[in-house]
Structure formats: C-alpha cells, structure tokens
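Worksheet for the structure shown next.
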Amino acid sequence: MLAQQFVSGIVIGGVYALIAMGLTLVYGVLRILHVAHAAVYATGAYVGLITFQRTDNLWLGLAAAAVFCGLFGVMIHRFVYGPLLDQPRIVPLIASIGLFIFSQDFLRLLFGPYAMSFPASVPFGLLELGDAVIPGRQVFILAVTAVLLALTWYVVGRTRLGLAWTAVSQDAETAVAMGVNVPRVVAFNFLFGSSIAAIAGILVGMHYNSVYPAMGEMPAYKMLAVVVLGGLGSVPGTVVAAFLLGLVETLLVGFAGFVLPRDAIAFVALIAILLLRPEGLFGRSDA
Amino acid sequence: MPLLETRGLCKQFGGLQAVKDVNLRVEAGEIVGIIGPNGAGKSTLFNTICGVYRPSSGEIWFAGRPIHGLRPNRIARLGIGRTFQASRPFQQLSLEANVLSAYGARFHGGWRAMWGRAFTPQHRERARALLELVGLAEHAQTEARHLSLGLQRRLEIARALALEPRLLMLDEPAAGISHEEGQQLMALIRKLRDKGTTVLLIEHNMQMVMNLCDRIEVLNYGVQIAAGTPGDIARHPDVIEAYLGKEVAGA
C-alpha cells in the first residue's frame, strides 16, 4: 500500500509541477502573480476533452489543447498584462483574478455547470512495480509528466530562450542592453507555460475522470502555495515543492488518518513557509 | 563619416533639461572620454544613445544610419555594447553564461533560433576567448556574484564584447576599483582599441581620462562646454571653472 500511495503522490506532484511551472516562468520575468493561469489549465482540459470526443484521438486532444492554450497565454500577455505593466503590481494581479473568474464562468456558460467524464483509453496497461500496481492511466500521466518536465529542464537550462529568460529574470534592463528581445522572451514564456498547463489540465481530467468549469479553483490556490514554497521564480524549487506537496498530501491523507482535509495541507504549508522561511525552500533571501 | 554622431540631441525629464543640444562625433578607432561634474548629464547622454531613453529632440546616427527611437536591444545588436555605472553582471549566472547571454542575443532574431542550444562548443569557445581577453578565463564556471567589483567590471566588458560591438560604451569603468585594477583596465581598453573597437567612456578618474583618451568632451548642466585633446581640455578655462569654480568662489 505504501508504494501505491507513493506512486499516487508522485503522479499528483508531477501534475502540480506542470501547472505551477507557467506561474514560475511568468513571475520570473514580469513579477506578476499570474492567477489566471489556472483558467488556462481548465480551458486546456476542455479543449482536450472536446477534441477527444470529436476525434477519439487522445494525442490530438493533447496537441489541440497545447496549441490553443499556448495562444491563449500569449493573448493574455498581449492584451491584459502588457498594457498594465507600468502600473503598480497590484493592478495586473487584480486583472488576473478578474480574468480567472471571467474564464471560469465563460466555461460554465459554454459547457454547463456539470462535470463531464474523460473516458480516454491510454496506450498503457497495468504496470506492476514490486508492491505497487499502477493503473495504465497513471502510467500515462507519469510518462507525459516526465517528458514535459524533461523538456522544461532542457528549454530553461540549455536553450538560448532559457538563458535569455534567466537573464531577464535577474535584470531585465541589462538583458535588453545585451540585445535580448524581452517582449519576445516573455511571449515565449506564456506560450510554453500555458501549453504545459493545458496538458496538465487534460491529465488531471483523466486522473479524476472529470472535467468541470471550476476545476481551476483549487489548483489556482495550490500553485500559489507551490511557487511560494519553491521560492518565487525558481524553476527547480517549483518542481521540488510540487512533488513534496503531492507526496505529503497523499501520504498524510492515506495513512495517518490526518484530521485536516487533503486540500488544506497546501495552505498550512503556505502559512508555515511564509512565517518561517518567506524566501521559500530554494529562494534567496536577497531576491 | 563618424561612427557615432549626435545632432542637436536633447533629453528632458519634465522641467529638467538633462541633455541639451549635444553634438557628439566619435570617429572609428578613437577612444573618446566624456567628463563633467556630477549631474552633468553624462549618464543620461549614454542612456539616450543606447535607447534606454527616447531623445526629446535631435538625432543619433551610428555607422551611417539613424538609431534614435530604436529599442535598446536593437541598438545593441547593431553593434553598440555597453557597461553600467553600477556594475550589473547577471549575479546568479556563471561568467560563461553571462557572456553567452549577450553572444546568443545576436541569434535571437528568429522565433526558431531561440530554441537553439545556448551552450554549443563553438559558443563556449568564443565565451572562453572573451573571458581570456579580460583575464577571467579560469573563473568561467564561477557565479558572477563571487567576483570582486573590479573583476565584475571586466566581466561586464567581456559580456559587452560578446555583441561584437563596433562601439564599446563604458560608464565609469574605474569607479570603485583599486589603482592597480585601474591600470589593468586601461591596458585592456587600449588593447581593445588596437583590435579595432571604438571606445566611448564616461570617467571621473582624471588621470585615466587624460592618459587614455584621444579626445575629450566636457559636459556641464547637460551642455557641451568644451571638446578637444587632453592637453586642450586641461588648459580650458571653462573646464577649470566647471570643476573648480565652486571651491574657488568659496575660498
């Protein structure tokens, strides 16, 4: 059972990492808390589900969601945050919350307030790893997550885009003087982070076999906890914090007969980290 | 044709005329110094040339084309590399990555180019050569924040050189560094000029300016009050007054 719970925690943690990555990327370059990112995630689940229903092809669903939401993210930057960047940071934050609420209700209007099932079959069977028997869906989620996290690592750590992103996040003004096209770097960030969040939306929809308009609500808060825990703007910190949260949630709830509801753990952790180590696990106190 | 030329360049902040009708000419291969008391508008002039500020009026020509109104990243890629008054390396990047951040920028043109690898063997070789030039090659993998101020300034020069600039603009490169580091810096700047880089620098260290520069421009209250060889400038009555006027008056 322990191994089973462990795998389950890894699955959840990986998905948290995918969702929170976009938030971290955006915070790194713009210093905006991109709450509406959770709406991108929910939209991705719907685009994936609808495409899947029409075509019966899960891969097509993943691709359609990634492309649609990537563009959605770029538009958010262009039309919502872009004009507000000169304002105090509270202004884009409020705009972001507004966009999040709007998008959620827009999904409700389009698709109804009900949960829709996501009956995708995956190209994996049961996987037995010692004590753990992992259902094919979880294998699929793990595989996709692993590929996307590896891709993120490559893009952030190895490409010109990633180097430019790191430079911009440390000192945007200097990066410009070194020839970096900052608006383009930021646009790429939104494209990349939003595509990944869209795929995370599909994975979660499959995991719980349910897609509903408010599915972004809990991730909206949790990704906040994850990025704060990881040290705002730190990519490795985000990944570690996400897995930590996924594992702690799953193991505590599964075993210890924990008194708090599962979703409360993230927020207890958030409060604790803000009190004890406000710079996060991987943040620098000077940042 | 001068490499860099400003024509009637003005920059105003609200009611403050920080740069007023400046006509600057820098010929290719020169080392030109800009001096002037604090608040004379030197850094504003720099930032206006580099595109950080838009000129209020006037024109800036570089290598035969107007660059006023272009964004700073475009100007950088046209071949103007710069350093900052307060040394500003990317603190949490290795020296190599610092240099490559600017080197890679030349390839940031297309959407596809950005997905290319930043640390190819050729790029790293090039970064190494530039770090070698400023004497930092053995620290290539160190994070910039571990360097002393003097070394950070040299790193900034290496990073600016990664743009393969025709014009290198140095904003107070000797501020806060030791005499010995200053001597090394001067040798480095001369070496760069000999390799064909034109240098425009702001500096308060008079000994350095007088020794290093072919020509000197003097600003006061945003206005050019004198220009000429170091010898001319040292004897120029307006310059002496601008620098010593208050003390003389108060004495």
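In what follows, chains carry the letters A, B, and so on, assigned in the order in which the sequence lines appear, proteins first and then strands, with residues in each chain numbered from 1. Everything numeric in this text was worked out from a predicted model, so none of it was measured.
- Comparing B:Asn73, B:Val52, B:Asn98, B:Ile80 by heavy-atom pairs within less than 4.5 Å of chain A, the highest count is held by B:Asn73.
- For A:Gly157 against B:Phe119, the heavy-atom pair with the smallest separation is O-CE1, 3.7 Å.
- Across every non-hydrogen atom of B:Leu93 and A:Leu163, the tightest pair is CD1-CD1, 4.1 Å.
- Summarising the local packing, CZ of B:Arg54 is surrounded by 12 or fewer heavy atoms from other residues, nucleotides or ligands at distances under 6.0 Å.
- Interatomic distance, B:Arg82 CZ to A:Thr174 OG1, rounded to the nearest 0.5 Å: 8.0 Å.
- Residues A:Asp171 and B:Gln91 have side chains not in contact (no heavy-atom distance under 4.5 Å, counting atoms from C-beta outward).
- Surrounding CZ of A:Arg31 are more than 12 heavy atoms belonging to other residues, nucleotides or ligands, all under 6.0 Å away.
- With a 4.5 angstrom heavy-atom cutoff, A:Val176 touches chain B via backbone and side-chain atoms both.
- The heavy-atom pair separating A:Glu173 from B:Phe84 by the smallest distance is O-CZ, 4.5 Å.
- Of the inter-residue distances, the one linking B:Arg145 atom CZ with A:Gln170 atom CD reads 9.5 Å to the nearest 0.5 angstrom.
- Both the backbone and the side chain of B:Phe90 come within contact range of chain A, each with at least one heavy atom under 4.5 Å from a heavy atom of that chain.
- The environment of CZ in B:Arg193 is crowded: more than 12 heavy-atom neighbours from other residues, nucleotides or ligands sit within 6.0 Å.
- More than 12 heavy atoms of other residues, nucleotides or ligands lie within 6.0 Å of CZ in B:Phe62, so this atom counts as buried by the packing criterion.
- B:Arg77 contributes a side-chain N or O that, together with a main-chain N or O of A:Gly179, makes up a donor-acceptor pair within less than 3.5 Å.
- In this structure, OG1 in A:Thr166 is found 10.5 Å from CD in B:Gln92, a value given to the nearest 0.5 Å.
- Heavy atoms closer than 4.5 Å to chain A are found in the side chain of B:Arg71, but not in its backbone.
- Nearest heavy-atom pair, B:Ser101 versus A:Ala167, reported as atom, atom and distance to 0.1 Å: CB-CB, 4.3 Å.
- Taking the six-membered ring where the residue is Trp, B:Trp115 and A:Phe192 present tilted rings, their angle falling between 30° and 60°.
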